[in-house]
Amino acid sequence: MFNSTGNNFGAGVIQFKDVQESNYIVLNAKFTCSPQSAEYQAAEVLEIYVPALSIARSTIAGVVARYKERGTSYGYPYIYDGGTVLKSWVKDANTLCIEKLSCFDDKQEIIIYIQTLYCMLGQGGNATKGKEKRITATSEDNALRFSTSYSFCVVFEKWIFYHMMFDGAS
């Protein structure tokens, strides 16, 4: 586990859980930032400064960004939450980059989830085998119905790959 040493978009300190090997890293973090801040508006790419990572550069990987938009219209509540996947990469051993999309510019706050495997750029490696485990998941009041055929996790020594597919939502 480590904390960021800074960033160029005004998000404050970001805490990361990590697994670092010679040719890949797995990072896990959640943070919020405001597209209305001057720092965010001045940034072309969102950069997070971190202590030295075990890899110097990575391939592009995805992180999730979302926003909450809720209110009342004609006396009825509405939820227009949204989000997307953003490109992310390790620029150098001390900088993690996330693409900045203009579709978030009018939002008050965005939430970014980094739950990502970054593979070292230009570095091959031997594949390691994990153990597949079937999982079942339920949501409160069965509002989300998860696929039992396509939901699974693969367990490695220091991390897991988790895939969950839902069949429907009420």
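Values below: all heavy atoms of this structure, side chains included; hydrogens, waters and symmetry mates excluded. In this chain, residues are counted from 1 in sequence order.
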**Message:** Do Leu46 and Ile112 have side chains that approach each other closer than 4.5 Å (heavy atoms only, starting at C-beta)?
**Reply:** yes
**Item:** For Glu39, salt bridge (charged side-chain N to carboxylate O under 4.0 Å, His left out) partners two or more places apart
**Value:** none
**Complete:** Interatomic distance, CG@Leu117 vs CZ@Phe161, rounded to 0.5 Å, equals 9.5 Å
**Closest approach of Glu21 to Ser54 (non-hydrogen atoms, all atoms of both residues)** = O-OG, 2.6 Å
**Message:** Please identify which of these residues, Val45, Thr95, Thr116, meets the side-chain contact (heavy atoms from CB on, under 4.5 Å) condition with Trp89.
**Reply:** Val45
**Request:** Could you check whether the rings of Phe104 and Tyr67 sit parallel, tilted or perpendicular, using 30° and 60° as the cut-offs?
**Result:** perpendicular
**Ile114 CD1 to Leu86 CG distance, which is reported to the nearest 0.5 Å** = 10.0 Å
**Complete:** Between Gln41 and Lys100 the two heavy atoms that sit nearest each other are O-NZ, 3.3 Å
**Request:** Give the other cluster members for Ile79, using side-chain heavy-atom distances under 4.5 Å between Ile, Leu, Val, Met, Phe, Trp and Tyr residues; answer none if it is isolated.
**Result:** none
**Item:** Phe2: ring pair (Phe, Tyr, Trp, His ring centres under 6.0 Å) partners, not counting sequence neighbours
**Value:** Phe16
**Item:** Donor-acceptor contact present, side-chain Ser88 to main-chain Ile98, <3.5 Å
**Value:** no
**Asked** Do Ser102 and Asp105 have side-chain atoms, one donor and one acceptor, less than 3.5 Å apart?
**Response** no
**Prompt:** Do you know the tightest heavy-atom contact between Asn94 and Ala52?
**Reply:** ND2-N, 3.2 Å
**Asked** Tyr80: what forms a ring pair (Phe, Tyr, Trp, His ring centres under 6.0 Å) with it, not counting sequence neighbours?
**Response** Tyr78
**Complete:** When rounded to the nearest 0.5 Å, the distance separating NZ of Lys91 from CZ of Arg57 is 12.5 Å
**Item:** Spatial distance of atom OH (Tyr24) from atom CH2 (Trp159) [nearest 0.5 Å]
**Value:** 6.0 Å
**Message:** Testing the basics here: between Thr59 and Tyr118, what is the closest heavy-atom pair and its distance to 0.1 Å?
**Reply:** O-CD2, 4.4 Å
**Request:** Could you list all the side chain to side chain donor-acceptor pair (under 3.5 Å) pairs where at least one residue sits in residues 1-15, not counting sequence neighbours?
**Result:** none
**Prompt:** Going from CG on Leu27 to NZ on Lys17, what distance comes out if it is rounded to the nearest 0.5 angstrom?
**Reply:** 12.5 Å
**Prompt:** What pairs of residues pass the salt bridge (charged side-chain N to carboxylate O under 4.0 Å, His left out) test when at least one of them lies in residues 68-88, not counting sequence neighbours?
**Reply:** Arg66-Asp81, Glu69-Lys107, Arg70-Asp81
**Pairwise side-chain contact, Cys33 with Ile110, heavy-atom cut-off 4.5 Å (strictly under)** = yes
**Complete:** Of all heavy-atom pairs linking Asn23 and Ile55, the shortest is C-CG2, 3.9 Å
**Prompt:** Can you name the nearest heavy-atom pair linking Tyr40 to Ser34, along with the distance?
**Reply:** CB-O, 3.3 Å
**Message:** Counting C-beta onward and ignoring hydrogens, is there a side-chain heavy-atom pair between Ile48 and Phe9 closer than 4.5 Å?
**Reply:** yes
**Distance, nearest 0.5 Å, that separates CG of Leu96 from OH of Tyr49** = 11.0 Å
**Prompt:** For the hydrophobic clusters of this structure (ILVMFWY residues joined by side-chain heavy atoms under 4.5 Å, transitively), does one cluster hold both Val63 and Ile111?
**Reply:** no
